[in-house]
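Each remark here refers to the structure printed beneath this line.
In each ligand, atom 1 is the first atom listed, and ligand 1 is the first ligand listed.
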Amino acid sequence: MSGFGAITARFYAWFNRNPPSNRIVIDVAELGPDDRVLEVGCGPGAALELAASRIGAERVAAVDPSPTFAAMVAKRVPGADVRVAGAEDVPFDDGAFTVIYTIMSMHHWDDRDDGLATLTAKLAPGGRLLLAERLLEKPGHGITPAQIAAVEARLGELGQTGVHTVRRPDRRKTLAVVVSTRPLAS
Ligand SMILES: C[S@@+](CC[C@H](N)C(=O)[O-])C[C@H]1O[C@@H](n2cnc3c(N)ncnc32)[C@H](O)[C@@H]1O
């Protein structure tokens with residue numbers, strides 16, 4: 001499912017210990033002290049470490065289908081609840097989180113529509129979902145404008161409100177973050 005075996009994961013972590021994209025997403029998320037946060041596809045855990053530094057490790061959780069990444073992050077962010085799982089089978093209760101985000105992971109998912117349905121179900125009423133990918137011209141390891149439109153439409157079908165995409169400079173590329181909110185009454 002993950003495509004990141006133990007060696008690939010260690011190689012990726014070596015080059016991506018603190019990627020700027022991870023800070024961008026945590027800034028866009030505007031975490032507050034009462035948030036309960038889930039990162040999906042956490043990789044080496046830079047974003048989770050930042051989130052924990054802002055609101056406390058006991059308020060953050062993460063999933064990644066790679067056992068190597070999950071073990072790395074459990075060590076990097078002591079106190080966080082880190083589990084081996086994918087976006088399609090998140091092992092937490094529905095409504096458990098006020099913020100769920102994913103960074104450069106969605107293009108790896110086996111079934112994007114299923115993953116989005118799972119993640120929106122895990123949001124508490126009023127909770128925010130942030131989906132970050134590098135903006136591309138053609139399909140690949142990122143997201144094209146046509147794929148953004150499809151994701152935004154799917155979020156609308158799932159009842160999410162305030163669906164919009166923010167774009168931020170990320171090294172010499174652009175990071176697209178699709179943001180949406182679960183309605184207070186649903
Ligand atoms: C390019 S890495 C990004 C890692 C990290 N978010 C970052 O920004 O450095 C993609 C991540 O997605 C994870 N992944 C792959 N398939 C997944 C799935 N079905 N659900 C959730 N995460 C998945 C991989 O294991 C990997 O950690």
Residue part near ligand 1, for C42, under 4.0 Å between non-hydrogen atoms: backbone
Which of these, E152, M106, R112, sits in a side chain to side chain contact (heavy atoms under 4.5 Å, CB included) with Q147? R112
Counting N and O atoms only, with roles assigned by atom type, does the side chain of R168 sit under 3.5 Å from a partner on the main chain of V28, one being a donor and the other an acceptor? no
Report yes or no: does D64 have a heavy atom closer than 4.0 Å to ligand 1? yes
Distance filter under 4.0 Å to I103 heavy atoms, resulting ligand 1 atoms: 3 (C), 5 (C), 6 (N), 8 (O)
Do other residues, nucleotides or ligands put more than 12 heavy atoms under 6.0 Å from the NE2 atom of H164? yes
Could you walk me through whether D27 and R54 pass the salt bridge (charged side-chain N to carboxylate O under 4.0 Å, His left out) test, one step at a time? CA-CA 10 Å; D27 286 347; R54 294 191 185 179; 2.9 Å; yes
On the 0 to 90° scale, with breaks at 30° and 60°, tag the F4-F69 ring pair as parallel, tilted or perpendicular. tilted
When you compare ligand 1 with S21, is there at least one nitrogen or oxygen pair between them that comes in under 3.5 angstrom? no
Run down the list A87, A47, A62 and name the one with the heavy atom closest to atom 21 (C) of ligand 1. A87
For a 4.5 angstrom cut-off between non-hydrogen side-chain atoms, does D94 reach K122? yes
Give a yes/no verdict on whether any heavy atom in H141 is under 4.0 Å from an atom of ligand 1. no
Ligand 1 N/O within reach of P44 N/O, cut-off under 3.5 Å: no
Minimum non-hydrogen distance to atom 17 (C) of ligand 1, winning option of G86, P65, G142: P65
Sort out for me which residue in L129, D64, L119 forms a side chain to side chain contact (heavy atoms under 4.5 Å, CB included) with V40. L119
CZ of R182 to CG of L158: how many Å apart, nearest 0.5 Å? 10.5 Å
Below a 4.0 angstrom heavy-atom separation, can you tell me which part of N22, side chain or backbone, both or neither, approaches ligand 1? side chain
Give the atom numbers and elements of ligand 1 that come within less than 4.0 Å of a heavy atom of E88. 19 (N)
Which of the ligand 1 atoms, numbered from 1, are nearer than 4.0 Å to a heavy atom of S105: 12 (O), 21 (C), 22 (N), 23 (C)
Ligand-side contact atoms (ligand 1) for residue partner F69, heavy atom cut-off under 4.0 Å: 25 (O), 26 (C), 27 (O)
